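Below: one structure, written as structure tokens.
Keep in mind it's a predicted model, so treat the numbers as computed, not measured.
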2 protein chains.
Amino acid sequence: MKEKATSFDIAYMAGVSQSTVSRALRDSPQVNKETREKVQAIARQLNYKVDKNASNLRKQRSSTLALLLFEDPTTDESLINPFFLSMLGSITRACAKSGQDLLVSFQQLSDDWHADYEDSKKADGIILLGYGDYVDYEEKLAKLLAQQTHFVCWGADVLGHPEFTIRSNNWQGGYLAGEHLINTGHRNFAFIGNASEGSPEFSARYQGFIDALVKAGIDATQIPHFDAISTESAGDLATEQLLVSKQAVDAIFCASDLIAIGVIRCLKRRGIRVPEEIAVMGFDDIPAASFASPGLSTIQQDTSKAGELLVNNLLKLINNQPITDTLIEPKLVIRQSCGAAVGDSDAN
Amino acid sequence: MKEKATSFDIAYMAGVSQSTVSRALRDSPQVNKETREKVQAIARQLNYKVDKNASNLRKQRSSTLALLLFEDPTTDESLINPFFLSMLGSITRACAKSGQDLLVSFQQLSDDWHADYEDSKKADGIILLGYGDYVDYEEKLAKLLAQQTHFVCWGADVLGHPEFTIRSNNWQGGYLAGEHLINTGHRNFAFIGNASEGSPEFSARYQGFIDALVKAGIDATQIPHFDAISTESAGDLATEQLLVSKQAVDAIFCASDLIAIGVIRCLKRRGIRVPEEIAVMGFDDIPAASFASPGLSTIQQDTSKAGELLVNNLLKLINNQPITDTLIEPKLVIRQSCGAAVGDSDAN
DNA sequence: CTGAAAGCGCTTACAG
DNA sequence: CTGAAAGCGCTTACAG
């Protein structure tokens, strides 16, 4: 029993041809019920499993999706952004649900990954996940496009192919954040996070935020803005800069929860009370947001839906089906870091 | 250029046989340098990639490892234990380093996963990761054993095959925790976490802890002990029970960080100051441990080393090499949740 | 409903 | 150093 059984072994035992075994195992309706059951029984008994390599080779299909996670090279080697970790979880679940296997790989932006997975037939398509400066991506995405690789990505713009991108309605999220900060009685705002063109997601959050302020009649031309990549320490550092600048601020909207946690840490260290003196609002709703003290009010991105959309849309791409749904609506999550609402209402 | 090139296309273009192409592409030394370079140049130009399905089928090797993550069915669907998430990260990295692909899958303990990945030739071996009640595993592990599947697992005992398991020295970790709690001036201890035989890891931590107390001359027969699975809410609940029991306690050792975070939350809600009135010690050193307030002192498990060991040992198993190294030494991480050390020393 | 045959794209003895 | 050939274990027209 050391040797694995093949479909020929089963055919021999069942007294049928190997092609019939193959059909029976795939529940083909053109196989006699009796024959099918006999074959399947023997297969079970022999603990037979179809050789994926052989069947993939023959079918020219792998039923496998590849997930490429880009790490911001600036962050700590060992830490993965918790938001992506949670995406990973939902993608894995979505794959299982659609009968796909999932190949996972981390990549530095510098790696030469383009066109590896699908070209080597290891996967039928690729899911790209990554924060950071999207400008660096463009070249790689263009190559994938040129090679007609099937792929979808989170957040990043694919020129000429908006349907390849799945993302949260970041503008809407920023808007909700602005509203909440206003509803909790704040008037002097700051924004922490990169809002350059290299960070389209953060920019959209910023814009939504500003638009909410403007809508409320606040002069948004003077909002202090400090850059930070999505890490605790960047948020901490940016807050130091903000404090040094001596601007009157009673509320900070952060482009991500990780930044917000760093902001809170800095504020606490400086003896500034959150939310009494300065309110802090995050974005993402990572698990740590609820562990933070005070609990971080934030904008939740529905990672579970995101994972499903990523997987399902990629599958549609592979099967030449049209893609329609690519936007995910964010949700306001109110905890303690922005203080009590004065006439606030939960979105949705 | 829609059709993918095969080794025959390259052979034709290079004016050599297909076998020579195959050899040249794998840097075989028996191929003339000139020929090899010509072939490789053409392959690059055509963006050729070896078809993994074909080569795996022929070689009967997939260069792929499968990671099976068991979820405790009792915990929230959408959340994965952050400790395992960090393991996932280091395993992925270790795989990349050894040129292996990684197939990731979540499993409920109830799923019928045994023998799927290797039998279907999708992976050469399996890495099992999971907390929870190991008694439930036994049957499955026995089956894997019977089918001669290559596998390693984290923490769980494999009867008769200790070399299949990689784990932290949990006893040592518990001992370090006990020492630290004593060194920070505490005398009345409690333990929160399952320490039954179904949780060998937690049990070992508990035992190390008790041994440290005994060593310090403390009567450890009366240590209150409350069960909790590894979640925040279980820790919170167990703390309520502890408080209701009215036992005099000034330090709680928790079997995991997640439990500890729940304990701290409960204590805070009850107006009990940490660490002034009750010190709290965790185990794992998940990212949230440093986000907690106060910062959680804990026992760090070296996930990066764990991931490497898991991957490397599995590879050894696959290649019939002996396995020697399976234990990982834990490390004390001092933050604020146990108060100031009076003559404490960092382990290692 | 079933079988014989071709072929997916490689790797690797075997022969030269 | 190179080539012709076999074969890994399937799936799927094709024929009956």
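For B:Ser17 and D:dG3, the shortest distance from a side-chain N or O to OP1 or OP2 is below 4.0 Å. For B:Ser7 and C:dG9, the shortest distance from a side-chain N or O to OP1 or OP2 is not below 4.0 Å. Contact between the side-chain N/O atoms of A:Arg26 and the OP1/OP2 oxygens of D:dT12 is found at a separation under 4.0 Å. For the pair A:Gln18 and C:dA5, the criterion of a side-chain N or O lying under 4.0 Å from OP1 or OP2 is not met. Note on B:Tyr48: a side-chain N or O is less than 4.0 Å away from OP1 or OP2 of C:dC10.
Less than 4.0 Å separates DNA chain C from at least one heavy atom of each of the following residues of residues 27-36 of chain A: A:Pro29, A:Gln30, A:Val31, A:Asn32, A:Thr35.
Following rounding to the nearest Å, B:Arg61 (CZ) and C:dC10 (C1') show an atom-to-atom distance of 17 Å. Atoms CG (B:Asn56) and P (D:dC10) sit 14 Å apart, rounded to a whole Å. Distance NZ (A:Lys49) to C1' (D:dC10): 16 Å, rounded to an integer number of Å. At whole-Å resolution of the value, CG in A:Leu25 and P in C:dT2 are 14 Å apart. In this structure, B:Phe8 atom CZ and D:dG3 atom P are separated by 12 Å, rounded to whole Å. In this structure, A:Tyr12 places its OH atom 15 Å from P of C:dG3, rounding to the nearest Å. Going from atom CD of A:Gln60 over to atom P of C:dA6 covers 19 Å, rounded to whole Å. What separates CG of B:Asp51 from P of D:dC10 is a distance of 17 Å, to the nearest Å.
Shown here, C:dA13 forms no base pair; nothing in the strands shown gives a Watson-Crick or G-U wobble contact with both key distances under 3.5 Å. Using N1 to N3 plus N6-O4 or O6-N4 for Watson-Crick, or N1-O2 and O6-N3 for G-U wobble, each under 3.5 Å, C:dA4 pairs with nothing.
Heavy-atom nearest nucleotides on DNA chain D were determined for B:Val16 and for A:Lys59, and the one closer to the 5' end corresponds to B:Val16. Sequence order on DNA chain D of the closest nucleotides to B:Thr20 and A:Leu57 puts B:Thr20 first from the 5' end.
For B:Ser22 and B:Arg26, the side-chain atoms include at least one donor-acceptor pair closer than 3.5 Å. No side-chain donor-acceptor contact under 3.5 Å links A:Thr303 and A:Ser90. Using modelled atom types and a 3.5 Å distance limit, the side chains of B:Gln40 and B:Asp27 yield a donor-acceptor pair. Residues B:Gln18 and B:Ser7 have side chains that bring a donor and an acceptor to within less than 3.5 angstrom of each other.
Closest non-hydrogen pair, A:Leu314 versus A:Leu65, comes out as CD2-CG, 3.6 Å. Smallest separation of non-hydrogen atoms from A:Lys121 and A:Ser62: O-CB, 3.7 Å.
The residue A:Ser19 sits close to a base: some heavy atom pair falls under 4.0 Å. B:Ser22 comes within 4.0 angstrom of a base, heavy atoms only.
Counting only heavy atoms from C-beta on, B:Arg23 has its side chain closest to C:dT12 among D:dT12, D:dC8, C:dT12.
Contact check for B:Asp124 versus B:Leu315: no side-chain heavy atoms found under the 4.5 Å cut-off.
The aromatic rings of B:Phe164 and B:Phe151 lie perpendicular to each other, with more than 60° between the two planes, well past the 30° mark.
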